[in-house]
Amino acid sequence: MNRRTLGRVLGMALFALLMLTAVVQAVTLEAFLEAASKNHPLFAKEAMSVEIEETRRQRYLGAEDWVITSSPYFLHQKPVGSSAFASERVDLLSLNAGAERAFWRTGGRLSVSVSSDVADQRFPEIELPGFSIPLGPERFYQHRIYAIYSHPLLQNYRGKLDRLEYELAEYAVDLSAIQSLEEQEGFLLDLGARFLEWTLLSEQSRIAADRLRLAEEQLQQTERRRRANLIDEVDVLRAEDAVRIARQSTMLIESQWKSKQAELAVLAVWQEIYYAAPEYDLYELADLPSPEQAVSVLTVRSRLLRTLATLREQLLHQRAGLVEAARPQLFLNVGAGLQGGEDEFGESLLLDKPDLLVGAELRVPLGNRTARTDIQVSDLQLERLELEMGQVALDLEAGVSSLLIQIEELRAVLALNLEQIESARKKTEEEERLYNQGRGELTFVIQSRDNEESAKLRYAQNAATYQQLVLHYRALMDELYPLTADATNRTSK
């Protein structure tokens with residue numbers, strides 16, 4: 001290959017390298033999680049869970065809708081003759097319609113009805129000389145309009161029982177919202193942990209690349225010294241082995257890095273990840289509160305405790321409904337209507353006969369064992385729930401205290417890692433100095449550099465573990481996926 005061709009190839013390679021460098025962008029953990037929350041179907045699915053519960057709640061509003069009724073019928077009858085004046089045959093056509101509904105504000109029931117009857121009857125006739133007198137009209141028309149309202153005075157006063165299922169369903173919506181947020185935060189926690197693994201692989205790749213560069217420099221130096229007959233051939237072989245081992249390590253980490261990159265691109269449904277690298281400081285230490293401060297915040301913020309508190313409110317509301325259902329039933333019934341009837345259709349349309357009704361209806365269950373038992377069961381459920389809330393509070397306190405202690409202890413470990421790295425660096429410098437003076441062996445130099453690389457890798461791994469613990473702490477404190485304003489309003493009742 002001539003010089004011109006070589007220059008052209010090198011120019012193209014440099015251009016490709018510059019283009020590749022230009023398209024590679026840094027992606028932060030926050031940007032990655034935000035993209036995942038927008039793209040992954042889990043978040044849309046969890047949002048629909050809340051929507052489903054809200055829609056299911058609306059079905060209870062149907063209990064307050066108007067209900068239209070109608071029962072037309074035709075009757076043909078030949079009555080048993082009990083007197084000389086009884087009809088011999090009756091054909092009755094009845095047309096009626098009505099509407100009724102419940103009023104949740106009062107608990108009352110209103111029904112309105114309209115009916116029209118046409119009766120075709122055959123009565124016996126009184127025979128007189130020259131004519132006969134029928135005992136009744138052959139056809140009779142009757143019309144009626146009526147309304148009746150029933151108002152509760154004891155049980156279901158102001159519609160407490162009518163609204164009960166609808167109000168209980170509101171707690172189901174709140175619970176669904178909290179559980180949905182928990183599912184989403186759990187998923188983001190898993191994605192965040194995977195992102196930190198990708199970041200660790202990036203740091204390991206950097207360390208391995210530095211080790212490879214030093215190994216290659218050591219090989220070049222060894223080859224120069226061998227050509228000058230300053231060292232034996234075995235040192236060159238040792239340096240070559242060090243380069244091959246470093247290159248294998250670099251290639252292995254690179255394959256793992258690409259594999260993790262593809263995994264994150266699929267899980268976040270974000271193809272831009274293929275042209276990005278993680279931007280995250282593994283060695284940055286977090287400013288965290290004391291266990292006592294964290295516990296005091298967690299008892300107020302925890303979604304698990306909020307879930308149990310919502311369940312308690314739901315049980316208390318349900319118990320109030322059971323107490324209401326155990327009360328006697330007393331209704332005030334008021335009815336009014338107009339009716340009219342004639343043997344001529346036109347005259348029968350004049351509704352001039354009033355009909356008024358005022359009455360009371362009382363129902364008192366004796367013993368009422370079913371209602372008392374339901375209330376006792378509700379009390380036991382509330383007592384058990386209180387114990388469960390105490391248990392969960394203790395578990396959360398233990399969890400956050402344990403995490404903060406581990407995080408604090410890891411800070412001390414990271415400090416020791418830095419000391420170990422510095423010690424390994426000084427030892428490497430000393431081994432190199434002795435080897436360059438001819439008083440040491442290359443094996444000790446290679447071993448010292450490997451120890452320095454191992455110390456840096458341990459430091460990176462411990463730093464990644466530290467960041468993983470901080471991430472779990474944020475998830476436990478419900479800081480990884482904050483509540484939306486709407487969810488906060490619903491669940492803070």
Side-chain angles (χ1 to χ4, degrees), residues 17 21 24 26 193-226 231-261 277-285 409-470:
L17 180 61
T21 306
V24 173
R194 295 171 190 261
F195 184 89
L196 290 178
E197 293 173 0
W198 191 32
T199 305
L200 175 60
L201 287 171
S202 295
E203 183 65 12
Q204 290 175 337
S205 178
R206 184 190 65 81
I207 296 171
D210 288 342
R211 179 67 183 94
L212 176 60
R213 178 181 56 81
L214 293 173
E216 290 175 341
E217 292 176 357
Q218 183 67 53
L219 175 60
Q220 294 174 3
Q221 181 184 6
T222 303
E223 289 174 341
R224 287 195 300 268
R225 298 187 67 181
R226 174 57 184 160
I231 58 175
D232 296 329
E233 182 66 22
V234 68
D235 283 346
V236 177
L237 297 176
R238 289 169 179 164
E240 290 176 347
D241 283 343
V243 170
R244 279 190 289 268
I245 292 174
R247 188 169 293 153
Q248 291 174 15
S249 177
T250 302
M251 293 176 63
L252 178 61
I253 294 175
E254 182 180 356
S255 66
Q256 294 174 343
W257 188 92
K258 291 180 179 179
S259 174
K260 184 61 66 174
Q261 181 189 49
E279 180 183 352
Y280 191 93
D281 188 358
L282 283 178
Y283 307 108
E284 181 181 1
L285 300 180
E409 293 299 321
L410 262 179
R411 294 170 70 102
V413 173
L414 292 174
L416 290 176
N417 287 148
L418 287 175
E419 295 179 4
Q420 186 179 11
I421 292 173
E422 181 63 19
S423 174
R425 185 187 62 81
K426 291 180 179 180
K427 183 179 179 182
T428 299
E429 291 178 351
E430 185 64 21
E431 292 292 350
E432 288 179 346
R433 186 182 66 82
L434 292 175
Y435 177 70
N436 292 332
Q437 293 177 355
R439 295 188 297 160
E441 298 182 7
L442 181 61
T443 302
F444 295 151
V445 176
I446 296 175
Q447 182 179 1
S448 181
R449 283 181 173 171
D450 289 340
N451 290 338
E452 186 178 352
E453 180 191 20
S454 298
K456 292 179 179 179
L457 289 175
R458 281 194 296 273
Y459 181 45
Q461 290 170 349
N462 289 335
T465 301
Y466 175 89
Q467 300 299 338
Q468 292 274 8
L469 291 175
V470 172

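Excluded from the calculations below are hydrogen atoms, water molecules and symmetry mates; all remaining heavy atoms, backbone and side chain alike, are included. We count residues from 1, following the sequence as given.
Across all non-hydrogen atoms, the minimal contact from A460 to I207 is CB-CD1, 4.3 Å. In terms of heavy-atom proximity, T250 sits nearest to A208 at OG1-O, 3.5 Å. Across every non-hydrogen atom of A215 and V243, the tightest pair is O-CG2, 3.4 Å. Nearest heavy atom pair, residue L212 against residue A246, reads CA-CB, 3.8 Å.
A donor-acceptor contact shorter than 3.5 Å is absent between the side chain of S249 and the backbone of I245. A distance-only check finds a donor-acceptor pair linking the side chain of T465 to the backbone of Q461 [under 3.5 Å]. Between the side chain of Q468 and the backbone N or O of A193 there is at least one donor-acceptor pair closer than 3.5 Å. The backbone N or O of V234 sits nowhere less than 3.5 Å from a side-chain atom of D232 that would complete a donor-acceptor pair.
To the nearest 0.5 angstrom, E223 atom CD is 9.0 Å from I231 atom CD1. Atom CG of L201 sits about 11.0 Å away from atom CG of L196, to the nearest 0.5 Å. How far OG of S255 is from NZ of K260: 12.0 Å, rounded to the nearest 0.5 Å. One finds the CD atom of Q204 at 6.0 Å from the CG atom of L457 (value rounded to the nearest 0.5 Å). Atoms CZ and CG, from R238 and L219 in turn, are 14.0 Å apart once rounded to the nearest 0.5 Å. Q261 contributes atom CD, which lies 5.0 Å from atom CH2 of W198 (distance to the nearest 0.5 angstrom).
Legend: residues meeting side-chain hydrogen bond (donor to acceptor under 3.5 Å, both in side chains) with S205, ordered by chain and number and at least two apart, are absent. Residues meeting the side-chain contact (heavy atoms from CB on, under 4.5 Å) test with E429, sequence neighbours left out: R425. Residues that satisfy the side-chain contact (heavy atoms from CB on, under 4.5 Å) test with L285, not counting sequence neighbours, are R411, L414, Y466. Partners of A455 by side-chain contact (heavy atoms from CB on, under 4.5 Å), not counting sequence neighbours, listed by chain and number: Q420, I421, R458.
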Side-chain donor-acceptor distances from residues 444-453 under 3.5 Å, at least two apart:
| from | atom 1 | to | atom 2 | distance (Å) |
| --- | --- | --- | --- | --- |
| S448 | OG | T428 | N | 3.1 |
| S448 | OG | T428 | OG1 | 2.7 |
| R449 | NE | E432 | OE2 | 3.0 |
| R449 | NH1 | L214 | O | 3.2 |
| R449 | NH1 | Q218 | OE1 | 3.0 |
| R449 | NH2 | Q218 | OE1 | 3.4 |
| R449 | NH2 | E432 | OE2 | 2.2 |
| D450 | OD1 | R211 | NE | 2.9 |
| D450 | OD1 | R211 | NH2 | 2.8 |
| N451 | ND2 | Q447 | O | 3.3 |
| E452 | OE1 | T428 | OG1 | 3.2 |

**Asked** What's the verdict on salt bridge (Lys or Arg N to Asp or Glu O under 4.0 Å) for D241 and R244, showing C-alpha distance, side-chain angles and the deciding distance?
**Response** CA-CA 5 Å; D241 283 343; R244 279 190 289 268; 2.4 Å; yes

**Request:** Applying side chain to side chain contact (heavy atoms under 4.5 Å, CB included), run through N436 and R225 and close with a yes or a no.
**Result:** CA-CA 10 Å; N436 292 332; R225 298 187 67 181; 3.5 Å; yes

**Message:** Walk me through whether R213 and E217 qualify under salt bridge (Lys or Arg N to Asp or Glu O under 4.0 Å).
**Reply:** CA-CA 6 Å; R213 178 181 56 81; E217 292 176 357; 3.2 Å; yes

**E430 and K426: CA distance, side-chain angles, deciding distance, side chain to side chain contact (heavy atoms under 4.5 Å, CB included) verdict** = CA-CA 6 Å; E430 185 64 21; K426 291 180 179 180; over 6 Å; no

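Identified under the salt bridge (Lys or Arg N to Asp or Glu O under 4.0 Å) test for residues 245-257, with sequence neighbours left out: E216-R247, E254-K258.
In this structure, W257 and P278 have side chains that are in contact, with non-hydrogen atoms separated by less than 4.5 Å.
Y280 and F195 have perpendicular rings, their planes meeting at more than 60° on a 0 to 90° scale where under 30° would count as parallel.
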